[in-house]
Amino acid sequence: MDNRGKHFKDESGIFERESYRVRSIMNQRRRRSELKTRIVLFSTAIVLVAVLAVLAFKLAGLNGRKDNNDNVAAAGNPSAGSVEAEDKKQKKKEEAAKDKEEPAKAASATGKKRWLRDGLDPDKPMVALTFDDGPYTPVTEKILKVLKKYDAKATFFVVGNRVPQYEDMVKQAYEDGNEIATHTYNHANLTKLDKNGIKSELNKSKKVIKDVIGCSFSTLRPPGGSINDTMRKVIKVPMIYWSVDTEDWKSRNAKSVLAECKVIQDGDIVLMHDLYPSTADAVKKLVPRLVKEGYQLVTVDELFHYKGINAKGGKVYMSGR
């Protein structure tokens, strides 16, 4: 009995020791399991926080783009304040600043006003140099250079059918402030034409001149100086004769032309032709001589304007006196 009890007692101690060891092992396993669970939960929480942060950042970016798009759309909408309106305001400011820096230039004269200058002195002598039968570049160009050099103006009675060929000369003469008048279209003797023939000559001349300089002629010089009653009735612009005939077409000599011009007086209209090199040579000496003598070299329209002559269509005028 005692042995069994002892054995039982011993077995009980062994059991208790084994039981304690088992419990200890189980507790360690349980703690490890709990620790792992906590680690997993903590790691999961960190991952979730990171994911949420990324999503929040992306959402913020999308909202920003939407706001920008809304702003752009609003800017394109007039009711929301147009970008174009702002650009216009800025341009106006820039233009205003530019206007302050650079004074506005006076508009240049156009049409017939271009050869009618302001500021000439009616009390000083005037003479109108006129040239028939052109244009012709080798001669007309030289005459224009002399006129421009001395701020002198003249009247060119151009033949209409020559204008297209020498268009540049007509333009230059006009731009320099010289008067462009007509000598008919075909250099026709108008006394030999009927009413319709006269109108045809003038209308064709009017068209070619207007095509080049933008305005028509205001005076006419009849070829050969021939005039009849039909012309007086049909022609609606003044007809211009001359008071000094240089006969340059006849002499073809510069000295002879200058000799004819010694008789020039205030109000004279001088007849020449821009076809002959000798005429250009004469002009080169005549213009500075007249300027030195105190003459204002003017267009026919200027001569009549400053001399108080109200030139009428169909009538003949020989001078500004």
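Counting begins at 1 with the first residue of the sequence. Values below: all heavy atoms of this structure, side chains included; hydrogens, waters and symmetry mates excluded. As the structure is a prediction and not an experimental result, all values here were calculated from the model.
For the pair Asp248 and Arg252, the salt-bridge criterion is not met [side-chain N within less than 4.0 Å of a carboxylate O]. Using a 4.0 Å cut-off between a side-chain N of Lys or Arg and a carboxylate O of Asp or Glu, Glu167 and Lys171 qualify as a salt bridge. Taking 4.0 Å as the cut-off between side-chain N and carboxylate O, Asp281 and Lys142 do not count as a salt-bridged pair.
A side-chain donor-acceptor contact under 3.5 Å links Asn178 to the backbone of Ala173. Distance alone, capped at 3.5 Å, places no donor-acceptor pair between the Arg232 side chain and the Gly314 backbone. Side-chain N or O atoms of Arg221 include none that pairs as donor or acceptor with a backbone N or O of Phe157 at under 3.5 Å. Using modelled atom types, one side-chain atom of Thr246 and one backbone atom of Leu271 make a donor-acceptor pair closer than 3.5 Å. Looking only at distances, no side-chain donor or acceptor of Arg117 sits under 3.5 Å from a matching main-chain atom of Glu302. Between the side chain of Gln172 and the main chain of Glu141, no donor-acceptor pair closer than 3.5 Å is present.
A heavy-atom distance below 4.5 Å is found between the side chains of Phe217 and Lys206. The closest side-chain heavy-atom distance from Val300 to Phe304 is below 4.5 Å. Considering only heavy atoms from C-beta on, Ile213 comes within 4.5 Å of Val170 through its side chain. Two residues are said to be in side-chain contact when any heavy atoms from C-beta on lie closer than 4.5 Å; Asp274 and Tyr136 fail this criterion. Contact annotation: the side chain of Tyr317 approaches that of Ile309 to within less than 4.5 Å [non-hydrogen atoms, C-beta and beyond]. Two residues are said to be in side-chain contact when any heavy atoms from C-beta on lie closer than 4.5 Å; Pro135 and Arg162 meet this criterion. Between Pro223 and His183 the shortest side-chain heavy-atom distance falls below 4.5 Å.
Between Phe156 and Phe131, the ring-plane angle classifies as parallel under the 30° and 60° cut-offs.
In this structure, CD1 in Ile269 is found 8.0 Å from OG1 in Thr155, a value given to the nearest 0.5 Å. Taken from OG1 in Thr279 to NZ in Lys284, the straight-line distance is 14.5 Å, to the nearest 0.5 Å. One finds the OG1 atom of Thr140 at 12.5 Å from the NE2 atom of His273 (value rounded to the nearest 0.5 Å). Rounding to the nearest 0.5 Å gives a distance of 7.5 Å between NZ of Lys236 and NZ of Lys199. Interatomic distance, Leu297 CG to Met126 CE, rounded to the nearest 0.5 Å: 10.5 Å. In this structure, Glu260 CD and Met272 CE are separated by 12.0 Å, a value rounded to the nearest 0.5 Å.
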>> For a side chain to side chain contact (heavy atoms under 4.5 Å, CB included) check, start with the C-alpha distance between Asp194 and Thr230, then their side-chain angles and the critical distance, and finish with the verdict.
In response: CA-CA 8 Å; Asp194 61 12; Thr230 303; over 6 Å; no

>> What verdict does the side-chain hydrogen bond (donor to acceptor under 3.5 Å, both in side chains) test give for Asn253 and Ser278, after you've listed the backbone C-alpha separation in whole Å, the side-chain angles of each residue and the deciding distance to 0.1 Å?
In response: CA-CA 5 Å; Asn253 182 278; Ser278 54; over 6 Å; no

> Could you walk me through whether Ile240 and Leu220 pass the side chain to side chain contact (heavy atoms under 4.5 Å, CB included) check?
Replying inline: CA-CA 6 Å; Ile240 309 302; Leu220 157 74; over 6 Å; no

>> What verdict does the salt bridge (Lys or Arg N to Asp or Glu O under 4.0 Å) test give for Lys233 and Asp229, after you've listed the backbone C-alpha separation in whole Å, the side-chain angles of each residue and the deciding distance to 0.1 Å?
In response: CA-CA 6 Å; Lys233 293 177 182 178; Asp229 289 338; over 6 Å; no

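Side-chain atoms of Trp115 and Asp301 include a donor-acceptor pair closer than 3.5 Å. Counted by atom type alone, Ser243 and Gln265 present zero donor-acceptor pairs between their side chains at under 3.5 Å. With hydrogens and angles left out, the side-chain atoms of Ser319 and Asp268 include no donor and acceptor closer than 3.5 Å. A donor-acceptor contact under 3.5 angstrom links the side chains of Ser218 and Glu179, judged on distance only.
The neighbour count for Lys204 NZ, taken as heavy atoms of other residues, nucleotides or ligands under 6.0 Å away, is above 12.
Nearest heavy-atom pair, Ala181 versus Ile209, reported as atom, atom and distance to 0.1 Å: O-CD1, 4.0 Å. The two residues Leu275 and Gly134 come nearest to each other via the heavy atoms CD2-CA, 4.4 Å. Residues Val208 and Gly160 come closest through the heavy atom pair CG2-O, 3.6 Å. Closest approach of Ala128 and Leu303 over heavy atoms only: CB-CD2, 4.1 Å. Across all their heavy atoms, Ala154 and Leu147 have their closest contact at CB-CD1, 3.8 Å. Shortest non-hydrogen contact noted between Asp266 and Arg321 is O-NH1, 2.9 Å.
By the criterion of side-chain heavy atoms lying less than 4.5 angstrom apart, applied directly or through intervening Ile, Leu, Val, Met, Phe, Trp or Tyr residues, Tyr241 is not grouped with Val159; the two fall into different hydrophobic clusters.
Residues passing the salt bridge (charged side-chain N to carboxylate O under 4.0 Å, His left out) test with Asp245: none are found, sequence neighbours excluded. By the side chain to side chain contact (heavy atoms under 4.5 Å, CB included) test, Asn189 is found to be paired with Thr191, Lys192, Ser226, residues two or more places apart in sequence or in another chain being considered.
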Side chains of residues 287-296: which donor-acceptor partners sit under 3.5 Å, not counting sequence neighbours?
unit_1 : atom_1 : unit_2 : atom_2 : d
Arg289 : NH2    : Cys261 : O      : 3.1
Tyr295 : OH     : Ile264 : O      : 3.2
Gln296 : OE1    : Asp121 : N      : 3.1
Gln296 : NE2    : Asp121 : O      : 2.7
Gln296 : NE2    : Lys124 : O      : 3.3

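Test Ile235, Ile198, Ile227 against Pro222 for side chain to side chain contact (heavy atoms under 4.5 Å, CB included) and you get one pass: Ile227.
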